[in-house]
Amino acid sequence: MASRTMANLPSGFGICSTLPDILYLPELVFGGLVWILVACTLVVPHNPQGWVMFVSVFCFVMTFIWMVVFACGTHHNKASWAAADLLYHGIAAFFYLSASVALAKVTLDLSGKQGNSTTTEQRNYKLDVSAVVFSYVATLLYFVHTILSAIRWKSF
């Protein structure tokens with residue numbers, strides 16, 4: 001019978017030096033940038049932009065709470081927390097992907113109107129383009145975190 005080593009969920013400053021937990025900070029940075037950039041633009045049309053705002057704020061707040069829970073060691077190194085980590089980051093990756101696609105569609109629709117637009121409209125367009133890029137980066141970070149969390153969960 002082969003012995004298996006049990007994975008450890010990090011706590012304290014260990015979250016700053018282990019994969020996938022080191023991704024918390026970049027997720028917060030890029031998610032915060034999406035939130036800020038979309039909030040700085042004129043929110044038209046409301047529905048897709050509202051979804052992008054919901055996803056960026058929800059994921060920012062939840063990722064911060066999740067990071068604090070891990071940093072404080074509240075998980076007590078239980079496998080259920082590893083599964084919850086996998087589930088949360090999978091949902092966050094899916095939410096960010098849907099928000100990124102919606103934001104890209106809105107931004108592409110705005111690109112056709114750039115020929116005779118005002119300075120404010122051009123600024124909003126550039127902010128939206130930046131938000132799209134950062135939104136896809138956040139999607140990638142959450143997706144990689146999901147994959148690495150799945151690997152860690154399988155080792156429990």
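Note that this is a predicted model, so its numbers are computed, not measured.
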* **Output field: ring centroids W66/W81 closer than 6.0 Å** => yes
* Hey, quick one: are L23 and V29 part of the same hydrophobic cluster, counting side-chain heavy atoms closer than 4.5 Å, chains of contacts allowed? -> yes
* Structure fact -> Applying side-chain hydrogen bond (donor to acceptor under 3.5 Å, both in side chains) to T139 and not counting sequence neighbours gives S100
* Structure fact -> For F58, the ring pair (Phe, Tyr, Trp, His ring centres under 6.0 Å) test, sequence neighbours excluded, returns F54
* Identify the two heavy atoms, one from C40 and one from N124, that lie closest to each other, and give their separation to 0.1 Å. => O-OD1, 3.9 Å
* Return yes if a side-chain donor-acceptor contact under 3.5 Å exists between T63 and Y88, otherwise no. => yes
* Structure fact -> Shortest non-hydrogen pair, L103 vs S135, comes out as CD2-CB, 4.5 Å
* Asked: Is there any salt bridge (Lys or Arg N to Asp or Glu O under 4.0 Å) pair reaching into residues 89-98, and which pairs are they, with sequence neighbours excluded?
  -> none
* **Distance (rounded to the nearest 0.5 Å) between Y142 OH and L97 CG** => 14.0 Å
* Check the hydrophobic clustering (I, L, V, M, F, W, Y; side-chain heavy atoms under 4.5 Å; chains of links allowed) and say if L108 and V106 are grouped together. => no
* Do the side chain of T146 and the main chain of H89 share a donor and acceptor less than 3.5 angstrom apart? -> yes
* **Gap between atom CG of L25 and atom CD of E27 - 0.5 Å precision** => 9.0 Å
* Gap between atom CD1 of I91 and atom SG of C59 - 0.5 Å precision -> 9.5 Å
* To do: Kindly compute the distance separating CH2 (W153) from CG (L87), expressed to the nearest 0.5 Å.
  => 10.5 Å
* Are Y24 and H145 near enough that their ring centres are under 6.0 Å apart? -> yes
* To do: Establish whether V69 and V61 are linked, either directly or via other cluster members, by ILVMFWY side-chain heavy-atom contacts under 4.5 Å.
  => yes
* To do: Answer yes or no: is there a donor N or O on one side and an acceptor on the other, between the side chain of S130 and the main chain of K126, under 3.5 Å?
  => yes
* Asked: Residues two or more places apart in sequence or in another chain: which of them pass salt bridge (Lys or Arg N to Asp or Glu O under 4.0 Å) with K105?
  -> D109
* **Polar side-chain atom of S98 near backbone of F95 as donor-acceptor pair, under 3.5 Å** => yes
* Report yes or no: does S149 contribute a side-chain atom to a donor-acceptor pair with the main-chain N or O of L86 at less than 3.5 Å? => no
* Asked: Between CG of D128 and CZ of R123, what distance do you get to the nearest 0.5 Å?
  -> 10.0 Å
* Polar side-chain atom of N77 near backbone of L9 as donor-acceptor pair, under 3.5 Å -> yes
* Asked: Residues in ring pair (Phe, Tyr, Trp, His ring centres under 6.0 Å) with F30, at least two apart?
  -> F134
* Asked: Partners of T18 by side-chain hydrogen bond (donor to acceptor under 3.5 Å, both in side chains), sequence neighbours excluded?
  -> D21
